[in-house]
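Data first, discussion second: the structure below is written as structure tokens.
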Amino acid sequence: MAQNGVENEIKASALELIGNTPIVALDRLWPGPGRILAKCEFMNPGASIKCRSSLHMIEKARENGDLKPGAPVLEVTSGNQGCGLAVVCAVLGHPLTLTMSKGNSVQRAIHMEALGAKCVRVPQVEGSYGNVTLADVKAAEAEGLRLVEQTGAYYVNQFNNTMNADSHYCNTGPEIWRQTGQHVDAFIATVGTAGTFAGTSKYLKEKNSNIKCFVVEPAGSEPIKGCPITKPLHVLQGSGYGCVPNLFNFENMDETISITDDEAKHFMKLIGEKEGLYVGYTSGANVAAAVKLLESGKLPNDAWVVTLLNDSGLKYTPVPAELT
């Protein structure tokens with residue numbers, strides 16, 4: 001019996017470390033009214049929420065025959081999806097190539113290559129290091145598609161792959177519902193591909209249509225809100241690209257919340273100093289938005305607001321200029 005108990009505690013691979021992340025109450029940062037509950041996605045093996053969609057998209061591609069055992073995989077990434085795919089492909093035995101803008105932090109490229117992937121860093125078109133625009137993403141995409149044509153690799157295509165959103169409908173949403181004891185008043189998320197928001201909001205709305213779901217957009221780059229793009233450069237890497245993503249569904253969105261770079265940085269710092277968690281800029285933006293929402297009076301004083309700590313702050317630590 002003891003031996004069986006031990007076996008139940010041993011994971012077969014890193015894939016079993018993906019998901020089922022804990023939720024932490026940010027009561028020191030925000031003592032009330034209401035409560036901010038943050039899902040610790042940086043605790044996934046690739047250090048971000050993108051491990052979830054990486055596993056789901058690859059598993060579904062293998063199940064339906066689009067991806068054969070041992071076949072090469074290619075994706076365009078801002079870094080986190082690439083790190084998640086690198087985890088999955090390392091375990092499942094798929095050679096992986098990733099194209100990423102040079103504007104995305106070099107730590108992400110180091111992380112991906114440490115897991116056996118090849119990262120092609122594409123020169124920026126109009127952004128600067130740490131600030132990636134839609135044009136920069138399109139340049140990385142063009143290089144990725146060229147390599148797909150050249151190599152015949154399976155193209156994950158996270159921006160248009162419906163299994164991206166499905167991963168959060170099948171996993172993230174149900175986990176939040178279970179972990180909160182079915183007590184969710186609002187859900188808040190930044191939007192890159194929109195997979196996280198689309199899948200999670202759909203699940204939560206199906207469970208309780210009164211749950212309010214909010215999109216976080218960087219101030220000056222708010223196409224979901226319907227505003228013209230006045231500030232395409234911002235610090236929220238992997239988010240706020242200045243377009244409405246193809247996976248986005250307005251049906252499950254109640255409102256948007258705008259967050260400035262300074263607000264994202266301020267709350268990223270507070271999450272570290274008050275809660276002991278070193279996370280990235282989109283995590284700071286999510287928590288900043290949660291605070292704004294609870295300060296607005298739009299929710300009851302005892303409301304529980306659930307958001308996400310998307311990735312580790314180690315993915316953003318400044319590096320010497322010669323490495324960028």
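Throughout, numbering of the chain's residues begins at 1 and tracks the sequence.
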Roughly how far apart are [X] [atom1] and [Y] [atom2], rounded to 0.5 Å?
| X | Y | atom1 | atom2 | answer |
| --- | --- | --- | --- | --- |
| Asp66 | Ile58 | CG | CD1 | 10.5 Å |
| Ser53 | His168 | OG | NE2 | 4.5 Å |
| Ile229 | Leu134 | CD1 | CG | 9.0 Å |
| Tyr241 | Asp136 | OH | CG | 10.0 Å |

Take atom [atom1] of [X] as the centre, draw a 6.0 Å sphere, and report whether it contains more than 12 heavy atoms from other residues, nucleotides or ligands.
| X | atom1 | value |
| --- | --- | --- |
| Lys207 | NZ | no |
| Glu149 | CD | no |
| Asn301 | CG | no |

Donor-acceptor pair, side chain of Ser221 and main chain of Gly240, under 3.5 angstrom |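 Looks like yes, one N/O pair under 3.5 Å.
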Between the side chains of [X] and [Y], does any donor sit under 3.5 Å from an acceptor?
| X | Y | result |
| --- | --- | --- |
| Asn249 | Lys202 | no |
| Gln158 | Asn161 | no |
| Lys39 | Thr21 | yes |

What I'd like to find out is whether the side chain of [X] reaches to under 4.5 Å of the side chain of [Y], using heavy atoms alone.
| X | Y | result |
| --- | --- | --- |
| Tyr203 | Thr172 | no |
| Thr133 | Leu233 | yes |
| Pro33 | Leu294 | no |
| Val235 | Asn131 | yes |
| Phe197 | Met253 | yes |

Evaluate the ring planes of His183 and Trp304, with Trp represented by its six-membered ring, and classify them as parallel (under 30°), tilted (30 to 60°) or perpendicular (over 60°).
->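 Parallel: the ring planes of His183 and Trp304 meet at under 30°.
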Take Arg52 and Glu175, measure what salt bridge (charged side-chain N to carboxylate O under 4.0 Å, His left out) needs, and give me the verdict at the end.
-> CA-CA 12 Å; Arg52 294 176 178 272; Glu175 287 175 28; 2.8 Å; yes
Kindly indicate, with the supporting measurements, whether the criterion salt bridge (charged side-chain N to carboxylate O under 4.0 Å, His left out) is fulfilled by Glu141 and Lys138.
-> CA-CA 5 Å; Glu141 180 184 53; Lys138 291 295 184 183; 3.6 Å; yes
With Glu275, the side chain to side chain contact (heavy atoms under 4.5 Å, CB included) member among Val287, Leu29, Leu270 |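 It is Leu29, the one option of Val287, Leu29, Leu270 that forms the side chain to side chain contact (heavy atoms under 4.5 Å, CB included) with Glu275.
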Checking salt bridge (charged side-chain N to carboxylate O under 4.0 Å, His left out) for the pair Lys205/Glu251: CA distance, chi angles, key distance, verdict?
-> CA-CA 10 Å; Lys205 288 277 193 181; Glu251 180 183 355; over 6 Å; no
Would you check, one step at a time, whether the test side-chain contact (heavy atoms from CB on, under 4.5 Å) holds for Leu15 with Val88?
-> CA-CA 7 Å; Leu15 303 187; Val88 175; 4.0 Å; yes
Kindly indicate, with the supporting measurements, whether the criterion side-chain contact (heavy atoms from CB on, under 4.5 Å) is fulfilled by Phe187 and Lys212.
-> CA-CA 6 Å; Phe187 171 69; Lys212 304 298 182 185; over 6 Å; no
Applied to residues 230-240, the side-chain hydrogen bond (donor to acceptor under 3.5 Å, both in side chains) test, sequence neighbours excluded, yields Asn104-Gln237, Lys231-Asp261
Name all residues meeting the ring-ring contact (aromatic ring centres under 6.0 Å, His included) criterion together with Trp30; count only those two or more places apart in sequence or in a different chain, and write none if there are none.
->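 Expected list: none.
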